[in-house]
Amino acid sequence: MIRKLLALANTRCGIEVRTLDDLHAKVMLGDNGAVVGSANFSSNGLGLEGDECSGWREAGLFTNDAAQLAIVQAWFDGIWDAARQISEEALQQAESNWEKRRNARPQKNIGDSLLEQDIVTLKDRPIYLAIFREYAGERAVQVYEEVKQSLTHSPRPDVDEQKMDFFADWPETSDSPLPNKGSIITVYYGPRQGVEVQNILRRIPELDSTYEGEEGEDSPGTVQILVREESACGWTLSPKDKKDLARRLKPWLSTLDFSDGARCIPLYEFLSQENQ
């Protein structure tokens with residue numbers, strides 16, 4: 001929202017956006033009235049949105065009394081003078097803090113089916129669909145096996161070799177790279193438009209490995225290492241859920257551009273499109 005307001009300020013006269021670290025008040029002031037209250041004008045500051053905010057007790061007061069408006073105006077002028085311009089660094093830090101709060105907000109129905117959760121609950125959850133169209137070549141498989149073998153000599157407590165998996169040459173420079181954190185649901189989208197929802201994975205990026213490309217290829221290849229998980233942010237996908245999700249994904253996948261060979265897209269993005 002802040003970026004949208006800043007963009008608006010760059011295109012329209014009379015709009016300016018500032019920030020003040022210790023400001024918590026919510027005041028809307030106009031020429032003929034003011035609203036003073038506790039409720040945020042946008043998403044809840046605790047990282048909650050929509051129905052997640054139900055149960056919070058808020059209060060607000062509207063006034064058009066001239067004397068009260070003068071008091072509010074004087075208070076606002078003091079706040080405005082103390083505020084500062086919003087730097088890109090500060091905005092990035094705020095976005096990072098917001099993401100942490102969103103990821104840490106309470107989860108409901110842990111252990112239940114992922115597909116039974118409402119869209120508000122899943123918004124901004126780090127759950128992704130990794131959609132690929134081709135399986136790895138022999139050289140990539142060989143490199144993956146070498147990585148597995150290395151773990152027998154230097155085991156890691158967070159990696160079960162029996163649950164390891166991998167992608168080969170995922171287009172990391174595209175607009176949909178594999179996330180380093182979060183739950184990744186693998187989806188195979190075949191040449192005949194067949195769809196198979198496979199596993200829930202988590203990346204182990206420090207185990208990624210590069211190798212010389214196949215004959216005739218100019219750039220080196222990369223193997224991205226992942227490990228299977230039982231749930232995505234605490235929610236499960238049964239075999240029946242996977243078939244149901246594959247059925248729902250199929251018409252949507254046909255609308256996507258796979259010129260890079262693979263796409264990684266937040267699950268929420270698909271659900272939002274499906275609900276339109």
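More than 12 heavy atoms of other residues, nucleotides or ligands sit less than 6.0 Å from atom CD of Q85. No more than 12 heavy atoms of other residues, nucleotides or ligands shown are found within 6.0 angstrom of CD on E230. The number of heavy atoms from other shown groups lying within 6.0 Å of CZ (R12) does not exceed 12. Shown here is N10, whose CG atom has more than 12 heavy atoms of other residues, nucleotides or ligands within 6.0 Å.
Among Y189, F167, Y188, the one residue that satisfies the ring-ring contact (aromatic ring centres under 6.0 Å, His included) test with Y135 is Y188.
The backbone N or O of V147 sits less than 3.5 Å from a side-chain atom of S150, completing a donor-acceptor pair. Listed for the D169 side chain is a donor-acceptor partner under 3.5 Å among the backbone atoms of T222. Proximity of a side-chain donor or acceptor of D160 to a complementary backbone N or O of Q162 within less than 3.5 Å is detected. At distances below 3.5 Å, not a single donor-acceptor pair connects side-chain atoms of N97 with backbone N or O atoms of A94. Distance alone, capped at 3.5 Å, is enough to place a donor-acceptor pair between the T11 side chain and the L8 backbone. Remark: side-chain polar atoms of R263 are paired, donor with acceptor, to backbone N or O of D257 under 3.5 angstrom. Judged by distance alone, the side chain of S183 and the main-chain N or O of I127 form no donor-acceptor pair under 3.5 Å. Judged by distance alone, with hydrogens and angles left aside, the side-chain atoms of Y144 form no donor-acceptor pair with the main-chain N or O of A168 at under 3.5 Å. Judged purely by atom type and a 3.5 angstrom limit, K26 uses its side chain to pair as donor or acceptor with the backbone of H24.
Considering only heavy atoms from C-beta on, L178 stays 4.5 Å or farther from Y128 through its side chain. Side-chain atoms of T19 and L91, non-hydrogen and from C-beta on, never get closer than 4.5 Å to each other. Within the 4.5 Å cutoff, no side-chain heavy atoms of M164 are placed close to those of I204. Residues K242 and V187 fail the side-chain proximity criterion, which asks for heavy atoms closer than 4.5 Å.
Atom CG in D165 sits 6.5 Å away from atom CZ in R228 (nearest 0.5 Å). Note: F166 CZ to K148 NZ = 10.0 Å, rounded to the nearest 0.5 Å.
With salt bridges taken as basic N to acidic carboxylate O contacts below 4.0 Å, none links D81 and R18. With respect to R3 and E88, a salt bridge is recorded, a charged nitrogen being found less than 4.0 Å from a carboxylate O. Taking 4.0 Å as the cut-off between side-chain N and carboxylate O, R156 and E206 count as a salt-bridged pair.
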Residue pair E116, W235: steps toward the side-chain contact (heavy atoms from CB on, under 4.5 Å) verdict: CA-CA 9 Å; E116 293 177 357; W235 297 296; over 6 Å; no
Derivation and outcome, side-chain contact (heavy atoms from CB on, under 4.5 Å), residues Q142 and Y211: CA-CA 10 Å; Q142 181 183 352; Y211 61 94; over 6 Å; no
Full working for side-chain contact (heavy atoms from CB on, under 4.5 Å) between L115 and L237: CA-CA 8 Å; L115 301 188; L237 270 180; 4.1 Å; yes
Steps toward side-chain contact (heavy atoms from CB on, under 4.5 Å) verdict (L249, L129): CA-CA 10 Å; L249 283 170; L129 299 169; 3.8 Å; yes
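L256 is connected to L245 through a chain of hydrophobic side-chain contacts under 4.5 Å among Ile, Leu, Val, Met, Phe, Trp and Tyr, so both are in one cluster. If you chain together hydrophobic residues whose side chains sit under 4.5 Å apart, L29 and V36 fall into the same group. Using a 4.5 Å cut-off between side-chain heavy atoms of Ile, Leu, Val, Met, Phe, Trp and Tyr, with links allowed through other members, F76 and I15 fall into different hydrophobic clusters. The cluster map of Ile, Leu, Val, Met, Phe, Trp and Tyr, joined by side-chain heavy atoms under 4.5 Å apart, puts V35 and I71 in different clusters. Hydrophobic clustering (ILVMFWY, side-chain heavy atoms < 4.5 Å, transitive): V141 and V143 are in one cluster.
Taking each heavy atom of L6 and V17 in turn, the nearest pair found is CD2-CB, 3.8 Å.
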In residues 264-275, what donor-acceptor pairs under 3.5 Å come from side-chain atoms, sequence neighbours left out?
residue	atom	partner	partner atom	Å
S272	OG	Y268	O	2.9
E274	OE1	R248	NH2	2.7
E274	OE2	R248	NE	2.9

